[in-house]
Amino acid sequence: MYKKLMMLMLATVALVGCGTDSTSYQETQPYVREAEQMAMDSSTEQTQTGQETTDTQALIYTASVELQTITYEETKAALLEAIESGTAQVQFQDEYTQTYYDNRTSSQSDERLYTLSLTLRIPQDDFEPFLETLTNGEIGELLSTSRGSQDVTMSIRDLDIRLESINARVERLNELLDEAQNISDIIEIQNSLDAAILERDQLLAEQQHLNDQVSRSTITVTLREVLELEEGGSQRSFWDDLVRAFAQTGYRAIDVLQQGILSLIFILPYLLFIVIFYLIYRYIIKPVFKAVGLRNPFKRKNKKKAIDEEVHTNDKLN
């Protein structure tokens, strides 16, 4: 009887515990739903406010400038000085050399010309003046230019609204976390709070990137070294062309000589075979034919002698 009573008491305690856990879980859900509902209400209010308010248009400006010069080092120095004296910052720089096709000699030149590529970031207020400095022809001859803009006003406004909403949600979840007494409530609220903070950090990073793109415009500058400018001017004089012509002639002569040596090396085995065959014929086959009295099949007959033999044969037949 005593054992049955103890088993009944243990079963009752277990049922009460299960009911408490279930109740605790059900009580946690309203806290989270309440925080989410407040965030949705805040988002709705911010959306309505944003639709009623006309914000300043947010534009991302970009431009591309290509310059050419026959005095590369001087033009490069002038370009870098213009950058350093202003508010532009170099975000990316690449300088390299490459050969070119010389139309005068109709061949690929052995000389190499420089090319400088720069990506600049400049405050939006200084975008127009600095672009004018690059394209007015004082630094280098303008080869091409292009510019564009992208309106990101709605994207920035949307990010602001979403951040307001998520901040309200984080604030409410922190309040619920302070009020929570049950362990399961604390865990549930803390998980929701961590997810909200992660989402807020992502939105903040996206907002920072967009604001940076708007506040600082991007200009891509390419400076090319050329031998001749389209508007006149050249690195080369008549004397330079004369020296270049002699040099090209020398290069071609050396190239022909090299090709001749390579060709000789290529046919050398065939020449060696011919020499060996001639020696065998001269010192082995020819003496053998002479010793046995055979006519040499490789020896060409004398034309007059062949005619006399033919006449002598005809006389015998007659």
Q: Can you tell me how far CG of L143 sits from CZ of R224, rounded to the nearest 0.5 angstrom?
A: 7.5 Å
Q: Return the CD to CG distance between E199 and D201, rounded to the nearest 0.5 Å.
A: 10.5 Å
Q: Does T97 offer a backbone N or O that forms a donor-acceptor pair with the side chain of E225 under 3.5 Å?
A: no
Q: Whether the side chain of D158 engages the backbone of M154 through a donor-acceptor N/O pair (distance < 3.5 Å, no angle test) should be reported.
A: no
Q: Got a second to check how far S192's OG is from I197's CD1, nearest 0.5 Å?
A: 11.0 Å
Q: With no hydrogens and no angle check, is any side-chain donor or acceptor of S165 less than 3.5 Å from a backbone partner on I161?
A: no
Q: Restricting to non-hydrogen atoms, name the atom on A196 and the atom on I166 that form the minimum distance, rounded to 0.1 Å.
A: O-CG1, 3.5 Å
Q: Of all the heavy-atom pairs spanning R216 and R121, show the shortest one and how long it is.
A: O-NH2, 2.8 Å
Q: How long is the span from the OG1 atom in T69 to the CG atom in L116, to the nearest 0.5 Å?
A: 11.5 Å
Q: Is there a donor-acceptor pair closer than 3.5 Å between any side-chain N or O of N191 and the backbone N or O of I187?
A: yes
Q: Quick check on side-chain hydrogen bond (donor to acceptor under 3.5 Å, both in side chains): which of S146, S117, S144 does E66 satisfy it with?
A: S144
Q: Group every Ile, Leu, Val, Met, Phe, Trp and Tyr by side-chain heavy-atom contacts under 4.5 Å, then state whether L80 and L120 land in the same group.
A: yes
Q: Which pair of heavy atoms, one from F127 and one from T218, lies closest together, and at what distance?
A: CE1-O, 4.4 Å
Q: Which value, rounded to the nearest 0.5 Å, describes the distance between E188 atom CD and N182 atom CG?
A: 11.5 Å
Q: Determine the minimum heavy-atom distance between P287 and Y281, stating which atoms define it.
A: CD-O, 4.3 Å
Q: Who are the salt bridge (Lys or Arg N to Asp or Glu O under 4.0 Å) partners of R200, not counting sequence neighbours?
A: none
Q: Not counting sequence neighbours, which residues clear salt bridge (Lys or Arg N to Asp or Glu O under 4.0 Å) with E128? List them please.
A: R147
Q: Who passes salt bridge (Lys or Arg N to Asp or Glu O under 4.0 Å) against E95, sequence neighbours left out?
A: K76
Q: Could you tell me whether the side chains of Q190 and D194 share a donor-acceptor contact shorter than 3.5 Å?
A: yes
Q: Hey, mind stepping through Q91 and T119 against side chain to side chain donor-acceptor pair (under 3.5 Å) and telling me if it holds?
A: CA-CA 5 Å; Q91 187 180 51; T119 300; 5.6 Å; no
Q: When you group the ILVMFWY residues by side-chain heavy-atom contacts below 4.5 Å and let the links chain together, are L204 and L198 in the same group?
A: no
Q: I need the I156 CD1 to N211 CG distance, nearest 0.5 Å.
A: 5.0 Å
Q: Which pair of heavy atoms, one from G140 and one from L67, lies closest together, and at what distance?
A: O-CD2, 4.0 Å
Q: Can you name the closest pair of heavy atoms from T75 and T71 and give their distance?
A: OG1-O, 2.9 Å
Q: Using modelled atom types only, decide if a donor and an acceptor are shared between the side chain of T153 and the backbone of A58 within a distance under 3.5 Å.
A: yes
Q: Classify the ring geometry between F277 and F273 as parallel (under 30°), tilted (30 to 60°) or perpendicular (over 60°).
A: parallel
